[in-house]
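Worksheet for the structure shown next.
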Amino acid sequence: MTILGSRTLHWATEADCDATARSLAALPPLRKAFIELHGPLGAGKTTFARHLLHALGVAGRVKSPTYAVMEPYELPGGSVWHFDFYRFNDPQEWEDAGFRDLFASPGLKLAEWPEKAVGLLPVADLAITLKVQADESRLATLAAHTPTGAALLQGLREAHA
């Protein structure tokens, strides 16, 4: 998979994760992006998704889609779908649930555990890989795979210049 650019951020605290989410939420290309979230259990994938969804205007509690596989959100700026493929086992479920149609429609898609749906997902605009450090901080590596992802990375660079 082609990488058009990457950036690694150090999140010493959850506030750093929130700041990155808020910076991304302010960028117009995000509203049509597909973002993959990679990392082991407890790395902070759902935490980042929650911060991003709140920054986009989701009010109240953001549920993890671990059991439902997908949680939809309708916001003034468009639709958002939060996927968690951790328990995803059957490719037929992809078709039965209408995920192909959702990924073809406009709006932001966030996917945790995308490796469980390999071959079904489109190319991610931005892949975020989280690694837990010995001091419990996180390294977040953002890799752009499309022009939309590259625009998001550029916007983050400008926001944190």
Side-chain angles (χ1 to χ4, degrees), residues 4-39 41-86 88 97-117 120-130 137-161:
L4 301 180
S6 67
R7 182 171 187 189
T8 299
L9 304 171
H10 180 249
W11 295 343
T13 67
E14 191 173 326
D16 296 329
C17 171
D18 182 47
T20 300
R22 289 184 182 284
S23 293
L24 273 175
L27 302 173
L30 182 76
R31 298 298 183 142
K32 62 181 180 189
F34 169 38
I35 298 178
E36 291 183 344
L37 299 168
H38 298 272
L41 282 171
K45 299 177 296 295
T46 301
T47 298
F48 174 77
R50 283 182 178 134
H51 283 298
L52 186 61
L53 289 165
H54 284 299
L56 289 168
V58 173
R61 186 173 173 267
V62 173
K63 295 187 329 185
S64 171
T66 300
Y67 293 99
V69 181
M70 186 264 304
E71 290 290 336
Y73 299 92
E74 281 301 322
L75 300 172
S79 300
V80 179
W81 293 275
H82 181 195
F83 298 86
D84 184 332
F85 293 112
Y86 184 72
F88 186 80
F99 293 158
R100 182 181 311 280
D101 294 336
L102 288 179
F103 273 89
S105 67
L108 171 62
K109 289 87 174 175
L110 302 171
E112 298 183 44
W113 299 99
E115 57 275 12
K116 300 272 191 161
L120 300 171
L121 294 171
V123 172
D125 296 300
L126 193 65
I128 301 175
T129 302
L130 302 175
S137 68
R138 306 295 193 266
L139 285 183
T141 301
L142 293 77
H145 297 289
T146 68
T148 297
L152 291 170
L153 275 184
Q154 182 60 35
L156 273 180
R157 282 190 182 94
E158 291 169 4
H160 295 280

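In this chain, residues are counted from 1 in sequence order.
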State, to 0.1 Å, how close [X] and [Y] come at their nearest heavy-atom pair, and which atoms those are.
| X | Y | answer |
| --- | --- | --- |
| Pro29 | Thr148 | O-CG2, 3.8 Å |
| Ala25 | Ala55 | CB-CB, 3.6 Å |
| Gly44 | Arg138 | N-NE, 4.4 Å |
| Leu153 | Ala144 | CD1-CB, 3.7 Å |
| His145 | Leu4 | C-CD1, 4.0 Å |
| Ala124 | Thr146 | O-CG2, 3.8 Å |

Does [X] reach the side chain of [Y], with side-chain heavy atoms less than 4.5 Å apart?
| X | Y | result |
| --- | --- | --- |
| His51 | Glu14 | yes |
| Lys109 | Val80 | no |
| Ile128 | Thr20 | no |
| Leu102 | Phe83 | yes |
| His10 | Leu139 | yes |
| Leu108 | Ser79 | no |
| Leu52 | Leu30 | yes |
| Phe99 | Leu120 | no |

How many angstroms lie between [atom1] in [X] and [atom2] in [Y], if you round to the nearest 0.5 Å?
| X | Y | atom1 | atom2 | value |
| --- | --- | --- | --- | --- |
| Cys17 | Arg22 | SG | CZ | 11.0 Å |
| Asp18 | Thr47 | CG | OG1 | 11.0 Å |
| Leu53 | Leu110 | CG | CG | 5.5 Å |

So, the side chain of [X] versus the backbone of [Y]: is there a donor-acceptor pair under 3.5 Å, distance only?
| X | Y | result |
| --- | --- | --- |
| Arg50 | Val62 | yes |
| Asp125 | Phe34 | yes |
| Asp16 | Ala12 | yes |

Given side chain to side chain contact (heavy atoms under 4.5 Å, CB included), test Glu36 with Leu126 step by step and report yes or no.
CA-CA 6 Å; Glu36 291 183 344; Leu126 193 65; over 6 Å; no
Phe48 vs Trp11, test: ring pair (Phe, Tyr, Trp, His ring centres under 6.0 Å). Steps then yes/no.
CA-CA 11 Å; Phe48 174 77; Trp11 295 343; 5.7 Å; yes
Show your reasoning for whether side chain to side chain contact (heavy atoms under 4.5 Å, CB included) applies to Leu121 and Phe103.
CA-CA 8 Å; Leu121 294 171; Phe103 273 89; 3.5 Å; yes
Do Glu112 and His82 meet the criterion of a side-chain donor-acceptor pair at a distance under 3.5 Å?
yes
Examine the side chains of Thr129 and Thr141 and answer whether a donor and an acceptor come within less than 3.5 Å of each other.
no
Run the ring pair (Phe, Tyr, Trp, His ring centres under 6.0 Å) check on Tyr86 and Trp113 step by step: do they pass?
CA-CA 5 Å; Tyr86 184 72; Trp113 299 99; 4.9 Å; yes
The test is side chain to side chain contact (heavy atoms under 4.5 Å, CB included); show your working for Met70 and Asp84 and say whether it passes.
CA-CA 6 Å; Met70 186 264 304; Asp84 184 332; over 6 Å; no
Apply side chain to side chain contact (heavy atoms under 4.5 Å, CB included) to residues Lys45 and Leu130 and explain how you reach the verdict.
CA-CA 7 Å; Lys45 299 177 296 295; Leu130 302 175; 4.2 Å; yes
